[in-house]
Amino acid sequence: MRFSRTLIPTAKEAPSDAVLPSHIYLLRAGFIQSVGAGLYNFLPLGKRSLDRVRQVVKEELDAAGCQEVDLAFVTPAELWRESGRFEKYGKELLRFTDRKENEFVLGPTHEEMMVNLVRQSVKSYKQLPLHLYQIKTKFRDEIRPRFGLMRGREFLMEDGYSFHKDEEDMKREFEHMEATYSRIFTRLGLDFRVVEADSGAIGGSGSKEFMVLAESGEDEIVICDGCDYGANVEAAVRAPREAPSYEEGEEPIMSPGDFHTPDTKTIEALADFFHIDSHHLIKAVAQKARYDEGREEIVLFFLRGNDDLEETKACNAVGANELVDVSEEELRAAGLTPGYMGFIGLPEGIEYRIDRELKGESNLIMGANREEYHRVGVTVPDFGEHFADLVTVKAGDRCAHCGGRLSTTRGIEVGHIFQLGTRYSEPLGATFLDENGKSRPFVMGTYGIGVSRLLAAIIEQHHDDRGCIWTRESAPFDLEIVVSNIANDEEREAAEKLYRTLRERGVEVLLDDRKERFGFKMKDFELIGIPLGIVVGKKLSEGKVELIVRDGLERMDLSLDEAVEAVLERV
RNA sequence: CGGAGUGUAGCGCAGCCUGGUAGCGCACCUGCUUUGGGAGCAGGGGGUCGAAGGUUCGAAUCCUUUCACUCCGACCA
């Protein structure tokens, strides 16, 4: 393609609200254009990159035995009511009515639609397994869209759904998809890690996320230096913590009883008061849990003084939709004593959870549910169902699998695979007849890749201070030919010839034939970030052109023929 | 949802406090010069100052309402 005939509006400056390199460069290099909060137009370059990434995804999925379909974007509300998600999904679901007052939603994901499709056409175990996917625009009315393509409201996503006769076959496909997704991200040149993820209120036996490692990632992930364990902090587990070590005879000894402890509402104050490590204290974190139909309830979470509450885990532990802060007034109204709460002697009907690492522990101090009093020498009895994993795993904790050191890093979630089971097939009555003629619900898996987010992730990981550095299979073009001085006939003709030759050999070439000065065009080349460049300029008098590798900006002088060969070797 | 901030040309901004003919840089158009690192000179086009209402002889500027966008937070009792 000719630069002069293509819409590539490059800019020196980016809008001031763009912070991330990917956001800034994609805007400045003319890949995308903002049209509103979380909404973007893809311009020619952006569209080309998106299509190439999409092509990689499609090739690998097709090779893995998946079949591409394309479901309606506008979906009837009826289906969402059937699965119970019409209410549950919340405000992210964009609902609207047509002229006949029929209700619809714009698909944020397509479990319902896909199950509906399959339940109408698959009746026998002989048709299983089946894996259908689509690569399609999704719409989620995000609370706070930001970071350009990273978190938009409208975005391109690959979503796959597999249907199986039993759990075992579904797990086989799950592993197959882990390998397939890994191949996709490897081909795209990404440094990523597969981590354990929160399977959430949906249940199911497991889910994994594909995290592109980047400082700007929105997710915190925990990785082990001793084995290949990795997990989203929302799902990370650790080996139980050990008590701080003490000198012989220095261990805290506590005689059970209530102590008068004025002005010790915080863990810090309490640790000071007793001159004791906060490991031996139990803190209470009060939250208000929100359930369906607006029901709210105060819940207390008890954990060690030196641990932090992990909100997603806490939310799952009580099966709530979300947790929100609760005021001291509300706590007092419920008969609680903020600053002095404990799990022994709580008022009737107060829901609570205790971190599972505390089970059976002794010699602890916790609130006595009485103003200005703490209970000392507490032993944690077996509270059965009140135990749950509640803590935030931190750098320095020990790996539950190998005992290695855990550290934290940040990642961009670009893929998520999920063992779904019968969560949708059952309520939607999607069944097949097994070998014995018995009707059974499909066992399902679901898989997703954020295709447009991948563009942002690639740039987050591959850029320098001059602009984008596209990887081989994500670049809008393989090569950019820069004509140094378009007014020079020899240069122009040599460039045109290279352009024709390479195109005939199947190379995607962008020819910068604009009537601009050399420096101006080079800045654009570096900003746009096409992997290879050929400069046709001064050295043409010696029969040479310059080949530039964008990643590292390495240059070499080659004859025209050598340049052609060098390009063909690299694409 | 809570808090803070910003809306002035395509982009980046000044002007607002102290009301009096809407400005600067980049980009865009024309001409000449220039052609290996975002050129120079000359000329030019482009704005209902986010919207509505109010105060005033007069509002980008003061007041009210509203909309949009951005940032921070959503947690240790």
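Keep in mind that the numbers below use all heavy atoms, side chains included, and drop hydrogens, waters and symmetry copies. Everything quoted here is computed from the prediction, not taken from an experiment.
- The nearest whole Å value for the distance from the CG atom in A:Leu346 to the P atom in B:A77 is 17 Å.
- Comparing the same atom, C1', in B:G12 and in B:G38 gives a spacing of 16 Å after rounding to whole Å.
- Checking B:G43 for Watson-Crick or G-U wobble geometry (two distances, each under 3.5 Å) identifies B:C29 as its partner.
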Residue pair A:Glu413, A:Arg151: steps toward the salt bridge (charged side-chain N to carboxylate O under 4.0 Å, His left out) verdict: CA-CA 11 Å; A:Glu413 183 191 343; A:Arg151 182 166 293 281; over 6 Å; no
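- Ranking B:A77, B:U70, B:C75 by closeness to the A:Met341 side chain, first place goes to B:A77.
- Between A:Glu460 and A:Met150 there is a side-chain heavy-atom pair separated by less than 4.5 Å.
- Using the Watson-Crick or G-U wobble rule with both distances under 3.5 Å, B:G7 pairs with B:C67.
- Rounded to the nearest Å, the gap between the P atom of B:U48 and that of B:A60 is 13 Å.
- Below 30°, between 30° and 60°, or above 60°: for A:His260 and A:Tyr373 the angle between ring planes is between 30° and 60°, a tilted geometry.
- B:C63 and B:C69: their P atoms are spaced 25 Å apart (whole Å).
- Within the 4.0 Å cut-off from OP1 or OP2 of B:A77, not a single side-chain nitrogen or oxygen of A:Lys265 is found.
- In this structure, the aromatic ring of A:Phe520 is not positioned over the six-membered ring of the base of B:G38 within 5.5 Å between centres and 30° between planes.
- Out of B:G36, B:G38, B:G25, the shortest distance to the side chain of A:Asp524 is found at B:G38.
- For A:Glu13, the listed nucleotide lying nearest its side chain is B:G25; candidates were B:G25, B:A77, B:G36.
- Spacing of P atoms, B:C24 relative to B:C67, comes out at 35 Å, to the nearest Å.
- With both ends at atom P, the span from B:A27 to B:U65 equals 42 Å, rounded to whole Å.
- Within 4.0 Å (heavy atoms only), A:Arg304 reaches no atom of the nucleic acid at all.
- Of the nucleotides present, none pairs with B:U48 by Watson-Crick or G-U wobble criteria with both distances under 3.5 Å.
- Residues A:Lys288 and A:Glu296 are paired through a salt bridge, judged by an N-O separation under 4.0 Å between the basic side chain and the carboxylate.
- Atom name P, nucleotides B:A68 and B:G58: the rounded distance is 32 Å, in whole Å.
- Sequence order on RNA chain B of the closest nucleotides to A:Gly519 and A:Phe147 puts A:Gly519 first from the 5' end.
- No contact: A:Leu303 has no heavy atom under 4.0 Å from any strand.
- With rounding to the nearest 0.5 Å, the separation of OG in A:Ser278 from CD1 in A:Ile365 is 11.0 Å.
- In this structure, of B:G38, B:C71, B:G36, it is B:G38 that holds the atom nearest to the side chain of A:Arg28.
- On the C1' atoms, B:U35 is 45 Å away from B:C16, given to the nearest whole Å.
- Checking B:C62 for Watson-Crick or G-U wobble geometry (two distances, each under 3.5 Å) identifies B:G54 as its partner.
- Not a single donor-acceptor contact under 3.5 angstrom links the side-chain atoms of A:Glu526 to the base of B:G38.
- Remark: B:U35 base-pairs with no nucleotide in the shown strands. Criterion, Watson-Crick or G-U wobble with two distances under 3.5 Å.
- On a pure distance criterion of 3.5 Å, no polar donor-acceptor pair joins the side chain of A:Asn485 and the base of B:G36.
- Atom CZ in A:Arg290 sits about 11 Å away from atom P in B:C75, given to the nearest Å.
- For A:Glu546 against B:G36, a side-chain N or O and a base N or O form a donor-acceptor pair under 3.5 Å.
- Distance from the side chain of A:Ile267 is smallest to B:A77 among B:A77, B:G36, B:U35.
- Comparing A:Pro145 and A:Lys538 by the nucleotide of RNA chain B that holds the closest heavy atom to each, the one mapping nearer the 5' end is A:Lys538.
- Residues A:Asp524 and A:Thr10 bring a donor and an acceptor atom of their side chains to less than 3.5 Å of each other.
- Across all strands, A:Gly339 comes closer than 4.0 Å only to sugar-phosphate atoms, never to a base (heavy-atom distances).
- Atom CD1 in A:Ile298 sits about 16 Å away from atom C1' in B:C75, given to the nearest Å.
- Relative to the side chain of A:Glu311, the nucleotides B:C75, B:A77, B:G36 differ in distance, and B:C75 lies closest.
- For the P atoms, the distance linking B:U8 with B:A14 amounts to 11 Å, nearest Å.
- For A:Arg146 and B:U70, a side-chain-to-base donor-acceptor distance below 3.5 Å is absent, hydrogens and geometry of angles not being considered.
- Geometrically, A:Arg353 does not engage A:Phe387 in a cation-pi contact defined by less than 6.0 Å to the ring centre and at most 45° from the axis.
- Nucleotide B:C24 has B:G12 as its partner under the Watson-Crick or G-U criteria, with both atom distances under 3.5 Å.
- One atom, CZ of A:Phe343, and another, P of B:A77, lie 16 Å apart when rounded to the nearest Å.
- With hydrogens and angles ignored, no donor-acceptor pair under 3.5 angstrom links the side chain of A:Arg514 to the base of B:G38.
- A straight line from CZ of A:Arg153 to P of B:U70 spans 9 Å, rounded to a whole angstrom.
- For B:C1, the paired base is B:G73 (Watson-Crick or G-U wobble, both distances below 3.5 Å).
- For A:Lys523 and B:C26, the NZ to P distance is 17 Å, given to the nearest whole Å.
- Protein atom NZ of A:Lys12 is 7 Å distant from nucleotide atom P of B:A39, rounded to whole Å.
- Closest to the side chain of A:Pro15, out of B:U34, B:G12, B:G38, is B:G12.
- Seen from the ring of A:Tyr25, A:Arg466 does not count as a face-on cation partner, given the 6.0 Å and 45° thresholds.
- Side-chain atoms of A:Asn485 and A:Arg492 include no donor-acceptor pair closer than 3.5 Å.
- Taking atom CG of residue A:Leu270 and atom P of nucleotide B:A77, one finds them 10 Å apart after rounding to whole Å.
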